[in-house]
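Predicted, not measured: the structure shown is a model, and the values here were computed from it. Chain identifiers are assigned alphabetically (A, B, ...) following the order of the sequence lines, protein sequences preceding nucleic acid strands; residue numbering begins at 1 within each chain.
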Amino acid sequence: MGAEELNVLFQERIDANDKIEPRDNMPEEYRKHLIRQMSQHAHSEVIGMQPEGNWITRAPSLRAKKILLAKVQDEAGHGLYLYSATETLGITRDELIEKLHQGKAKYASIFNYPALTWADMGAIGWLVDGAAITNQVSLQKTSYGPYARAMVKICKEESFHQRQGYEIIASMAAGTDEQKEMAQDALNRFWWPSLMMFGPHDSDSPRSGNAMKWKIKRESNDVLRKRFIDKTVSQVELIGLTVPDKDLKWNEKEQSYDFGAIDWDEFWAVIKGGGPCNIKRLKHHKKAHTDGEWVRKAAAAYAQKQAKN
Amino acid sequence: MDNLNLSKFCIRLGDHCLIMAHRQSELCSNGPFLEEDIAQINLGLDLLGQAEALLIYAAKLEGGTRTADDLAFRRPERQFHNFMLTEQPNTDFAFVIVRQYIMSLYLLKTYQALSKVEDDTLSGIALKALKELTYHERHFAMWLKRLGDGTEESHERTQTAINELWMFVGELYEEDEIDFMAQKASYAPTGIEMKTFLMEHITAKFSEATLETPHSIYMTTGSKKGIHTEYLGYLLTEMQYLQRAYPDAKW
Ligand SMILES: [Fe+2]
Ligand SMILES: [Fe+2]
């Protein structure tokens, strides 16, 4: 069979909602697209440990510390799970990390914003995990089997994270004036970057065409973003905070919110390395990797000695 | 043991766990590889859970005027009773492994005794912790062998960690009046029993890992009286920051 016929057969399977498995035939572009998207997702989980890890040692109660530590551990687990799923496409974790360090692979831009106060632990869980869930629930139906299964598993934990984050913000919003101010400030800083997590408008999203055709992506950026806004606004109002968007308005006809313009200049600047923490996040990851080299070498040397005996 | 002394006993043990949990949580996102990052966080979570349970009980025994969070976040440095070993920084991975291996042995022996007491709360905490500590000891012992008998560099780093941390081991079998009370009630092993247990295990494991057990080194003392190394002050400054900066806030 020629490549073209294989591609036709592949598309037929996709159209029939078959799940594609690691050993199945797949177009090289499909494989590449998945490696890019899944490794970006894995890196995001791991880099995402940094802004929250930053607050574990300063958590304000034993309970809060326990919840946050467990959450960050979950995220590390998601990263591990996603790296393994990506490896089914014929690439190693070492290669993926190498690409991250070279700046060739990306991670979610949201983690290039700093976590400045304890309220940010609430905002990140509530909004960032919340936006991630909206996207990931949709990805549970993605066409690549290992990715779809990873999403099912991960989504369960993410909804815990979102509730825990909301609980932090809610209790601060109901707390002292200073706490309320911190809560609103965190919302102000994380609202727009959270909306940006869904990516550019559909009209400006160059790779979406194939991703939709191959059913890697099941719903468009704008559809997902709107869904997130619609479910989050009432949560904001419930705890007496204000969405930092003066153009936000309920649209009776569409039964959905209209919202203000997203600052796409900021979006692209952060993606291209201009966010407040891009350099810090990558340096941190590289340093841990470099500092750990002697440990990995020791483990390998020991294993080799054991194998000989 | 009367409630007040039992409370002090629980605070000491809770402090060891809390301060170690802090050091473990500092490792988050800094591990040598992702699986180990997850493992270290997990061990930290166990210790944090033990600290919380012990401090909740200590607060109750005290009479309920302070909460577990008050104990953790509002006590000054001189009122902390964790061993100096627990507060030593994560200088490198070898320091973490050596510190935690020795403390895992200490906790194992301690929880073994506590798991048999009649006090249901304490024996409950100890039984759960005992399962966790069995895993901790195995994990750290495994790393000790990998590092000691791995490469020349890892061997050297681990021997350095041992040599530099050894002066803090003496505290683990020191005794004062609270220990004597606890021993009398069979809540704790005697100092000699603890020392024998520690030294037997440490010496055997070190030699298996081709590492040397130091001898005739001056042992430092003081944590039972609230004396610490300079590291604890910084640790508490960070840990207690929110509770101190916003004393009226509830989180
Ligand atoms: Fe996650
Ligand atoms: Fe999450």
Side-chain angles (χ1 to χ4, degrees), chain A residues 42 45-66 68-70 72-77 79-80 83 93 97 117-118 168 171-172 174-176 178-179 182 281 284-285 287-289 291-306, chain B residues 18 21-42 44-45 48-49 51-52 55-56 67-69 71-73 92-94 97 142-143 145-155 157-158 209 235 238-243 245-246 248-251:
Chain A
E45 301 281 359
V46 171
I47 298 290
M49 293 167 72
Q50 290 182 37
E52 292 183 293
N54 166 39
W55 274 95
I56 294 170
T57 53
R58 289 178 290 171
S61 72
L62 293 168
R63 180 174 175 269
K65 195 187 281 287
K66 230 167 54 175
L68 183 61
L69 191 53
V72 177
Q73 189 193 26
D74 284 347
E75 306 300 5
L80 192 59
Y83 280 129
R93 202 202 305 179
I97 290 174
T117 72
W118 175 251
I168 291 176
S171 69
M172 288 182 75
T176 64
E178 281 164 319
Q179 284 178 301
M182 273 189 252
R281 300 289 185 244
H284 180 117
H285 195 276
K287 183 176 187 302
H289 195 71
D291 287 352
E293 197 178 346
W294 70 268
V295 179
R296 296 191 297 276
K297 276 188 180 156
Y302 179 78
Q304 214 165 34
K305 284 184 204 176
Q306 292 304 105
Chain B
L18 180 62
H22 185 99
R23 286 294 184 224
Q24 287 296 117
S25 66
E26 286 175 336
L27 295 169
C28 181
S29 81
N30 293 305
F33 49 93
L34 197 49
E35 286 86 345
E36 189 54 28
D37 224 330
I38 295 173
Q40 296 290 347
I41 297 173
N42 204 22
L45 266 172
L48 188 55
E52 189 186 29
L55 292 181
I56 285 174
T67 65
D69 280 341
L71 289 173
F73 298 101
D92 67 11
F93 193 69
I97 298 302
M142 185 41 151
W143 270 114
K145 286 196 284 182
R146 284 179 184 147
L147 299 184
D149 196 14
T151 63
E152 210 172 300
E153 181 183 6
S154 69
H155 178 89
R157 282 176 182 267
T158 312
L235 189 157
E238 190 173 338
M239 186 173 88
Q240 298 180 335
Y241 146 67
L242 281 172
Q243 288 256 355
Y246 306 97
D248 303 325
K250 286 200 181 65
W251 308 88

With respect to chain A, which residue among [options] yields the maximal number of heavy-atom pairs within a distance under 4.5 Å?
| options | result |
| --- | --- |
| B/Asp248, B/Leu235, B/Ile56, B/Leu48 | B/Leu48 |
| B/Glu26, B/Gln240, B/Gln243, B/Lys145 | B/Lys145 |
| B/Glu153, B/Met142, B/Gln40 | B/Glu153 |
| B/Asp92, B/Asp149, B/Asn30 | B/Asp149 |

Q.
Strictly distance-based, threshold 3.5 Å: is any side-chain N or O of A/Asp291 a donor or acceptor partner for the main-chain N or O of B/Pro32?
A.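 Absent.
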Report the distance from atom [atom1] of [X] to atom [atom2] of [Y], rounding to the nearest 0.5 Å.
| X | Y | atom1 | atom2 | result |
| --- | --- | --- | --- | --- |
| A/Met172 | B/Lys250 | CE | NZ | 14.0 Å |
| A/His289 | B/Leu34 | NE2 | CG | 11.5 Å |
| B/Glu36 | A/Arg296 | CD | CZ | 12.0 Å |
| B/Glu238 | A/Ile56 | CD | CD1 | 11.0 Å |
| B/Ser29 | A/Glu52 | OG | CD | 11.0 Å |
| A/Gln179 | B/Tyr246 | CD | OH | 9.0 Å |

Sort out for me which of [options] touches chain B most, counting heavy-atom pairs under 4.5 Å.
| options | answer |
| --- | --- |
| A/Val295, A/Ile47, A/Leu80, A/Thr57 | A/Thr57 |
| A/Ala300, A/Gly79, A/Ala301, A/Pro60 | A/Pro60 |
| A/Met182, A/His285, A/Gln50 | A/Met182 |
| A/Ala299, A/Gly53, A/Ala303 | A/Ala299 |

Interface moiety of [X] toward chain A, non-hydrogen atoms closer than 4.5 Å:
| X | result |
| --- | --- |
| B/Ala68 | both |
| B/Leu18 | side chain |
| B/Ala21 | neither |
| B/Asp37 | side chain |
| B/Phe93 | both |

**Asked** Taking only residues two or more places apart in sequence, or in another chain, which ones meet B/Arg146 in a salt bridge (charged side-chain N to carboxylate O under 4.0 Å, His left out)?
**Response**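 Here no residue qualifies.
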Measuring heavy-atom distances to chain B, does [X] have an atom under 4.5 Å in its side chain, in its backbone, in both, or in neither?
| X | value |
| --- | --- |
| A/Gln73 | both |
| A/Lys287 | neither |
| A/Ala70 | both |
| A/Thr176 | side chain |
| A/Arg93 | side chain |

- [ ] For A/Ala59 and B/Phe73, work out which heavy atoms get closest and say how close.
- [x]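 For A/Ala59 and B/Phe73, the tightest heavy-atom pair comes out as O-CE2, 3.5 Å.
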Exercise for the section: Kindly indicate, with the supporting measurements, whether the criterion salt bridge (charged side-chain N to carboxylate O under 4.0 Å, His left out) is fulfilled by B/Glu52 and A/Lys66. Expected result: CA-CA 9 Å; B/Glu52 189 186 29; A/Lys66 230 167 54 175; 2.5 Å; yes
### Message
Ring-plane angle category for B/Tyr241 and A/Trp55, please: parallel below 30°, perpendicular beyond 60°, tilted otherwise.
### Response
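Taking A/Trp55 first and then B/Tyr241, their aromatic rings sit tilted (interplane angle of 30° to 60°).
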key: Heavy-atom side-chain proximity of A/Met49 to B/Cys28 below 4.5 angstrom   =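 Answer yes - side chains close enough.
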